[in-house]
Every structure is written in structure tokens, then in C-alpha cells.
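Read the structure below first, then the notes.
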Amino acid sequence: MGHEPARHWTRRAPRPITRQTRKAACRDGAPVHLTGPPMSRYSPAEIEPKWQQAWDEALTFRAERKEGKPKYYVLEMFPYPSGRIHIGHVRNYTMGDVVARYKRATGHNVLHPMGFDAFGMPAENAAMASGGHPKTWTYDNIDTMVDQMKPLGLSIDWSRMFATCDPEYYGQQQALFLDFLEQGLVYRKNAVVNWDPVDMTVLANEQVEDGRGWRSGALVERRELTQWFFRISDFAEDLLEALDGLDDWPAKVKTMQANWIGRSRGLQFAFSTTDAPEGHDRIEVYTTRPDTLLGASFVGISPDHPLAKHLERDNPEVAEFCAECRRVGTSEEELETAEKKGLNTGITVRHPFDTSWELPVYIANFILMDYGTGAIFGCPAHDPRDLEFARKYELPVQTVFAPAMGEEGTFILPEDGGPAYVPPKVETVRYLKPFAGAEAMTGDEAVDAAIAFCEENGVGQGVTKFRLRDWGLSRQRYWGCPIPVVHCEACGVVPEKKENLPVVLPDDVSFDQPGNPLDRHPTWRDVPCPSCGAPARRETDTMDTFVDSSWYFARFTAPRAETPTDMADAEYWMNVDQYIGGIEHAILHLLYSRFFTRAMHLTGHLPEKSREPFDALFTQGMVTHAIFQTKDKAGRPVYHFPEDVELRDSSAFLKDGTEVEIVPSAKMSKSKKNVVDPVSIVSDYGADTARWFVLSDSPPERDVEWTAAGAEAAHRHLSRVYRLAMEAAGAGDDAGSGDEALLREMHKTVHDVTQGIESFGFNAAIARLYAFTSTLAKADAGGPAKRQAALTLAQLMSPMTPHLAEEMWSLLGGEGLLADAPWPTADETMMVESTVTLPIQINGKRRAEIEVPKDMGKDEVEAMAMAHESVQRALDGGQPKKVIVVPGRIINVVV
RNA sequence: GCCCGCGUGGUGGAAUGGUAGACACAGGGGACUUAAAAUCCCUAGGCGCAAGCCGUGCCGGUUCGAGUCCGGCCGCGGGCACCA
């Protein structure tokens, strides 16, 4: 290391350069250390670009098939090119990088790619807001983000990068679509969308605010359009069953998916109607609780049910009610949280068990046409929604079952004002109105008995249904993958020929008016019919962006292939061994991807093993930051940037002395002014500090709060490590008295850090590295032992802080690039301790501890514990009731 | 509303059902320095002079032993099919 450059990495980096420079000059002028080697400071600005260049030149992270070497595919969920990387990205990619670098060091051939999920609404919104083009906006953003990501020193094979808006990518996606179409995996049907009648455009759910279009403010309507659907529901059973085999997925994600797919066993049967219009003499209903049939008090149908639509035609009251229901948004959340409303149709149905018992038929706003048959019977006593509805419309409430004998407790019958009684189906309850099976049964048993009874008596049939609906992929938007079909007057819907792919988006479009620019493009729609050659029109809908992200991981295995995938590459690289991303994708993205890989297998684009594409999944938490706020005169919050706030004694103040309220751990958002920009962190402290910090402190699956103090501490620690490495490099060749102790600790650290990384306990691994750094700093060891310890420390830190580690490696005389060095192994014999400390509990509370040889017998341990003065004191001359000795763990004396 | 999580010192957090608070931040004290910065050392859950007592959101349960398992409640977060 030569002389220091002008730029210095001082404690508080965001200081003006002039001051730093002055200080540096002053320091360099007077020798700080009069003895020993010249002491250089840790300078990430210098070493980080140096090592990044070294890795680049050596093509260290270029992934190539190497038969015979175990492959490892690690992938972080690719980003949307919003324009700037976010500290959450840094955390996500750093975690992936730790895994990637660790796997490289343990002899794996690693694939670690990066790309961009580049289609979507923000690009169009930006174009509408500031007049640019979505394409320019997107590619500019990608350039910026790549520039921001590269300095992080991620071990990514950048040669495989692509964006989903590249025609080379979406053209292959169109080929997939055509193959799916041919295979019968895609079809068209009507579906409702949010329609803005003023802007004449389809709105996404997030563009609907309180039932109004976000730009026009117009009341949103539901409108039916013919749209394309993937038959994901055909795979419901398989997608559900296969969850069992995903051993390395978080249980919570599997539970969420299982609930989403929602397999249920129930009874489907028909009520016969009275006074209903022709063709509606039966109403089919589906129920998962046929055991409550004797508690039925009304029948509810969806406003979109055929009977409701029929009545609507010549009954203005019904028409108005249905119209009102349709003003509620299309999302399940809105339907469920809206006030329960119904309209009595005047039609009644006969109860299947007693034809003299008539139930009223209501059109109800909380019944979905998409689920079951779009009609239900209401049992208010055992369903909170039905109870709310029954109380509102003064319908009867009749309890069917009550808590089992002896567990009644404070049970209040729902008809007496109690809440709806909905115990878990595995719980045994007492049936007050049984019609099948015993009086005391579990809900599950009762449902089975009820289905059997109904089937025997010809009332209905047991059926299995799924909540999972088919995946609607049509979007009435420009910035997405065009659906490659053509509408021909003579031939109908005709797939585009594969040789005509990609169907490329036209560049000459404008966003000065709402609606889909593809619809109003002068020529783009006009094409000859691929079948008969007559003039025809292109489909102007584009694909849901979830399609783009449902197979990008497969494309990374052969990103430039002329077909969607290359089988040899897919065979070699698939599956993704470790997938890392946010929990917010637990359901949709992951479920759609699991469907897509199944469909890609059926159409010959992926091997059988890739039906489940992600062998292991890790869901990481968010990065949060405190919000600094004051209140204006009206009491509304005013937000302040962290750099405008001074922290004094855990309170915060503005420059003018106003005290600021600190809201801790809030999700970062621009409007709250609590966003931390990774770029400034990297330029202030270096990438290694940023990487080290986002991994320390918080377990990866949990949120981590970014604090300036924490980042400084991380930087201080790395400087210390660097100093220790310098010291070790310059130390003599004599042995020291603490050599063995240091090396013992080193081996334990190797073991613990390895475990930490293997189990995604990055924060624990880092805590261990802190401890070992302390040990090394204090060790009374000789030069050789210190150098060995420092080299190992560099290796153990290399997945987290690769540049610093590489620098230490070269300082200490390591061979070649550390990035190519094998992972250290712990010598088990160095880790064995001869004695163990056992805590002694008295009645479960720790009162003392004894140190015993590791292999001491249980009886001897017990005798030693009993002889201990605090045990004797507790016994007070008596005998213990019980003594539990867990060898190597604990002693508990019960007195 | 429904599904899934999470809740531990002043703060971020650690803890295969077995010593609650590792490691770190902020704090307090000290060393070095003319001084400051940097660095290093010590201290540190609460209450108590102490012996000791109390402590993992709240209430209850299982267990020799519960932060961890079970039930109920409260609070916060994620998802709810056109945000990505």
C-alpha cells in the first residue's frame, strides 16, 4: 500500500470534502506511528473498484456448464426498474450474494444472474405524467440501476442480463403462449374489469380509490370483457399436493398457498323455487357445511347470478340494487369489507327436507359469482356474515349445534344475541338438530354424514371444489407483451404464426389521452389473417406482467437461445436451488410460476424435474427507517429528511430547535421522507459497509431498521478488521503463548459461521465474526498464528464483505483471488472442550452453576449438585422431591 | 372481513422446551491527548444497601422446566387474484 489518496474515509463521511482533505493533509504531514509498518487506513473507495475490476478481468463470475461439478443456481427476485435501487434491493441481493459466494467456495458451479421485470404500469404512468415514452423511461432506468448495482460487488454473471421488455424475451414468451394455446392451457371467457366511464379505460384495483377512478374521479363501473385465461385451476389439485414436497420452503408460504388454492369438500344440491321466472325453477347451491341445513334461513344469490340478471331486466328495483352492488370494486377485500346488503326477490325456495318449509331468496352483495355456484344458503347461527345479514333483515336464527357436554361454559345461543358459533371442524360438538350421524360429532364427521345422507336421499352430491380461479392474463394496456393472436372475420381467433414472432410493440404511440394506444394506432392493428390471408386485426390486449415473471428464471439458463429455453441448459442449471425474495410474493408470483413450469413441461420447454422450479425459498423482511415528523397548525403531519434532523440524547430536533417526533421502524416511502438511498451509503461508507450492515442486527426473514449510527458502527468495525490484518501482516515469525487458544477459537468460528450461512442465520454469523475479531485483537499470539487467524477471518467474511476480504487476503499473502479459494473447514478436534458448565435450577429457576468434566456420569453430576451450598440451603435439611439431570445441559432440583 | 406472520432491555436483536438479554447501537465511567478526533478498556434489564425479588404484549393452560408448545385476547405488518 502506497501513500494515501486525497479522499479519506473518516468517521462521519458525509462531511464536506474540503474539511476531510485538510484533516488528511494534517495527518499525513505528521507521522502518526513512529514504529512498525506504515499504517494505512481502510479505504473502500480505493479497494472496491480495484477488486471488482480484478473479478471482471478474470471472468470470475461467468457461469458456464461444467459437467461433473455440482451446479448451484441462486436467484433473487428480479427488480422492477423503478429508477433507483432501494436499500431493500441491497439487502435482497446481498443475501443472494452471500449464498452465491459461499457456494462457489464450497466447490459449486454457481449461476447467479440478474435481470429486470420491465413491463408494467409505472412506465405508462410516467409517460402520461411527463410526456416521455415508456420504453425510453424503462431502459434509462435500467441503465441507472445497473450503474448503481455494479458498485455493490455482487457476484453476478452480468452477461446473462435481460429485461422482460426486450423483444428477444417477450417474443419467446409469445411462442410459449402459442404452445400453451395449442395444448389447451389458454382460453377466452368473459370477466369483469373496473371501468372508468370518463377516461374510457380499464383501471387496476390500485387505481380505484373509494370507488372512483384515480385520475377522472368518476364512479367506477364493472364491465364485462372477453379476456384470455390460463387454465391454472386444472392444476389446483397438483399445485396443492405438490406443496408437501417443498421441504425447503417456509411453512407459512405453503400454508398461504394451500389456503389460496382452497380445496373444500361440500354438498352441491338444488333448491326448487316458487314463483320464479321460467328457466329458474332450481337454484344450485354449494355448501361446505351441509350439516347445518336445518339451520337454513335464507338463500342468497350473487348480483351476477343468472336469476338476478333475469330479474334485473324487468324489475327496476332489482336493477338498481344490482347496479349498486356492481359499484363496489372487483377485489375480494372490498366485497368482504363492504356493508352486507341484500334485496328480497319475493321468490322463495322449498327446503329439501321439508317441502312445506319455504326460505326467501335474497340477492346479496357479498356472494361471489366466481366461487361455487354463485348461490348459497344462509345459516346465521354458524356463520358471522349470515348472522349479520339475518339480524339486519330480521330473518330467523336457529342453532344447529352447541359446544360438547361439559364445555358449554358461557355459551349464548346465537338466537339469544350470542355470536355465530363457528368452532374448528375437528372439534367435537353436540348437535341439537341432527339429521344424519350421531348427536356428538366433529364438524368433519357431521359434514361427511350429511353428504352421505343427502346422496342416499337424492338431495344432492358430495363434490370437491377449489377456491383457485383461472388466471386472467389480458390487460388493456400498451406496455406489456402483446398477445400474439389475430381476429379474422372469417376464421375467428387465429394464433399468429411462430415465424412472425416477435409481435413487436410499435414505438410511435402517444399517451396524451387515456386508454390503450394500441387500440388507436393507425396501422399496427392491421395484419393479414395468418390462416386465410384476408385483412384482419391484431389483438390489442397485452399480457399481465405476472406472465413475464413466471418463467424468467428458466430463461436465465439460456438467455440468448432462439427458443424459450435450451433443454441441455435447462437440464443442467434448473432448478433454482435457492430463491430469495419478499414475502409479499408468497402467493401470486410463486403460484403462477409453479403453474408456468408445469405448462412449460407439458409443452416440452422444461424437464420433468422443473415442474417445481424453486427447490428452496427464503422470504426476507423489509428495510425500515424511522420517520421524523412534526405537526402543522392544522395538526397534519409534516415529514423531515433524516439529514435535516439532529439527534441529541435519543430525542430529535430540527435546526431551529423544534422537537421532532420519531416514529420508529416504518416502511420506507418517499412521501414520508424516510427513504435511505443506497448510492449515498456506498459513496459515504463503501459497499462492504452497506452489505455488512444490512446483514447484521436483524434476522434475514425479519424487517431491519436502517440507522445512521448502525451504518457507522459497521464501517468502524470493518476499519478495525483491516487494521488487525495490517498488524498481523507486519508481525514477526515467533510463536506466542496464546497461539493454541486463538486457533481453537478460529476453528469454532469457522464452524459457527459456516452453520450460520447454511441456515440463513447471517446476523448470527456476523455476531460470531464480531466476537472472533475481538479475540484476535486481544490474542497473545505470535505472528504466524495471527496471520492464519486473519486469513481465515478474511475467508469467513468474504461472502459478506468481498472487497475487504480480498484486500486482506492479498495483504496476508493468500494465493490467487480469494474468490477462487476453497472455504475453510473446521478441525473438529480443535473444538472439543474438556469441561462443561452446568446450571443448577431449583424449581425451574437458575440458582447456581457447577463446572464438570464433559463426560462425567449422571450420578456423579447429581451428587455434586446436591452438595452445592445453594441446593443445601434450598433443601433446608429435607429431601428433594425430584432431581432432573440432563447430561451436558442442566440440573433441576424440585424441592 | 378472510388467510398468513410478528410482538424480548433505552434501541436492533440472541436463545435444538434447559443459564433470558449473545453480538451491536445509544448511554455511563476510565485510559491515551495540551485539547479534540480516532483508538482502547470497564460498566450496563428493572427494583433493592444487600440477601434477594420481578421480568420475553395481556390472560389462562401443558411441563421438573415455557421467549419457545396449546387456547383466548390486544397491537403491528404482509396478502386478498388488474401494484410489482
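Throughout, a chain's letter reflects where its sequence line sits, starting with A, and its residues are numbered from 1.
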Expressed as a whole number of Å, how far does the [atom1] atom of [N] sit from that of [M]?
{"N": "B/rG17", "M": "B/rA66", "atom1": "P", "answer": "14 Å"}
{"N": "B/rC69", "M": "B/rC4", "atom1": "P", "answer": "16 Å"}
{"N": "B/rU19", "M": "B/rU56", "atom1": "C1'", "answer": "15 Å"}
{"N": "B/rU68", "M": "B/rG55", "atom1": "P", "answer": "14 Å"}
{"N": "B/rA38", "M": "B/rG48", "atom1": "C1'", "answer": "40 Å"}
{"N": "B/rG45", "M": "B/rG9", "atom1": "C1'", "answer": "5 Å"}
{"N": "B/rC59", "M": "B/rG75", "atom1": "C1'", "answer": "15 Å"}
{"N": "B/rC40", "M": "B/rA24", "atom1": "P", "answer": "11 Å"}

Distance only, no hydrogens: is a donor on one side chain within 3.5 Å (strictly under) of an acceptor on the other, for A/Asp196 and A/Thr201? no
Establish, from distance only, whether the side-chain atoms of A/Thr226 and A/Asn190 form a donor-acceptor pair under 3.5 Å. yes
Is any side-chain N or O of [X] closer than 4.0 Å to OP1 or OP2 of [N]?
{"X": "A/Ser331", "N": "B/rC80", "result": "no"}
{"X": "A/Asn194", "N": "B/rC82", "result": "no"}
{"X": "A/Arg475", "N": "B/rC82", "result": "yes"}
{"X": "A/Lys252", "N": "B/rG5", "result": "no"}
{"X": "A/Asn763", "N": "B/rA14", "result": "yes"}
{"X": "A/Arg847", "N": "B/rC53", "result": "yes"}
{"X": "A/Arg716", "N": "B/rC25", "result": "yes"}

Sugar-phosphate only, base, or nothing, as touched by [X] at under 4.0 Å among non-hydrogen atoms:
{"X": "A/Lys778", "value": "sugar-phosphate"}
{"X": "A/Val208", "value": "nothing"}
{"X": "A/Ser474", "value": "base"}
{"X": "A/Val253", "value": "nothing"}
{"X": "A/Pro384", "value": "nothing"}
{"X": "A/Ala713", "value": "sugar-phosphate"}
{"X": "A/Gln227", "value": "base"}
{"X": "A/Val894", "value": "sugar-phosphate"}
{"X": "A/Leu468", "value": "base"}
{"X": "A/Asn259", "value": "sugar-phosphate"}
{"X": "A/Gln476", "value": "base"}
{"X": "A/Trp471", "value": "nothing"}
{"X": "A/Phe546", "value": "base"}
{"X": "A/Arg720", "value": "sugar-phosphate"}

Mind checking whether A/Phe760 and A/Phe762 have ring centres under 6.0 Å apart? yes
Compute the centroid of each ring, for A/Phe693 and then for A/Tyr685, and state whether the two points are separated by less than 6.0 Å. no
Salt bridge between A/Lys778 and A/Glu745, side-chain N to carboxylate O under 4.0 Å? no
In whole Å, what is the span from the [atom1] atom of [X] to the [atom2] atom of [N]?
{"X": "A/Ile367", "N": "B/rG1", "atom1": "CD1", "atom2": "P", "result": "19 Å"}
{"X": "A/Trp692", "N": "B/rC25", "atom1": "CH2", "atom2": "P", "result": "12 Å"}
{"X": "A/Glu333", "N": "B/rG77", "atom1": "CD", "atom2": "P", "result": "14 Å"}

[X] side chain, from C-beta outward: closest of [options]:
{"X": "A/Trp260", "options": "B/rA81, B/rU19, B/rG78", "answer": "B/rA81"}
{"X": "A/Arg889", "options": "B/rA84, B/rU19, B/rG18", "answer": "B/rG18"}
{"X": "A/Asn205", "options": "B/rU19, B/rG78, B/rA81", "answer": "B/rA81"}
{"X": "A/Asn892", "options": "B/rG18, B/rA81, B/rG13", "answer": "B/rG18"}
{"X": "A/Arg846", "options": "B/rC4, B/rU19, B/rC64", "answer": "B/rU19"}
{"X": "A/Gln841", "options": "B/rA14, B/rC82, B/rU19", "answer": "B/rU19"}
{"X": "A/Glu332", "options": "B/rA22, B/rG1, B/rG18", "answer": "B/rG1"}

With a 3.5 angstrom cut-off on both distances, give the Watson-Crick or G-U wobble partner of B/rC69, or none if there isn't one. B/rG61
So which of A/Phe546, A/Phe235, A/Phe230 actually passes ring pair (Phe, Tyr, Trp, His ring centres under 6.0 Å) with A/Trp471? A/Phe230
Between A/Phe119 and the options A/Asp548, A/Thr542, A/Thr138, A/Val547, the side chain to side chain contact (heavy atoms under 4.5 Å, CB included) test singles out A/Asp548
What's the separation between atom CG in A/Asp541 and atom CD in A/Gln476, rounded to the nearest 0.5 Å? 4.5 Å
Please tell me which of A/Arg467 and A/Ala251 maps to the more 5' nucleotide of RNA chain B, matching each residue to the nucleotide holding its nearest heavy atom. A/Ala251
Anti/syn call for B/rG78, syn if |chi| within 90°: anti
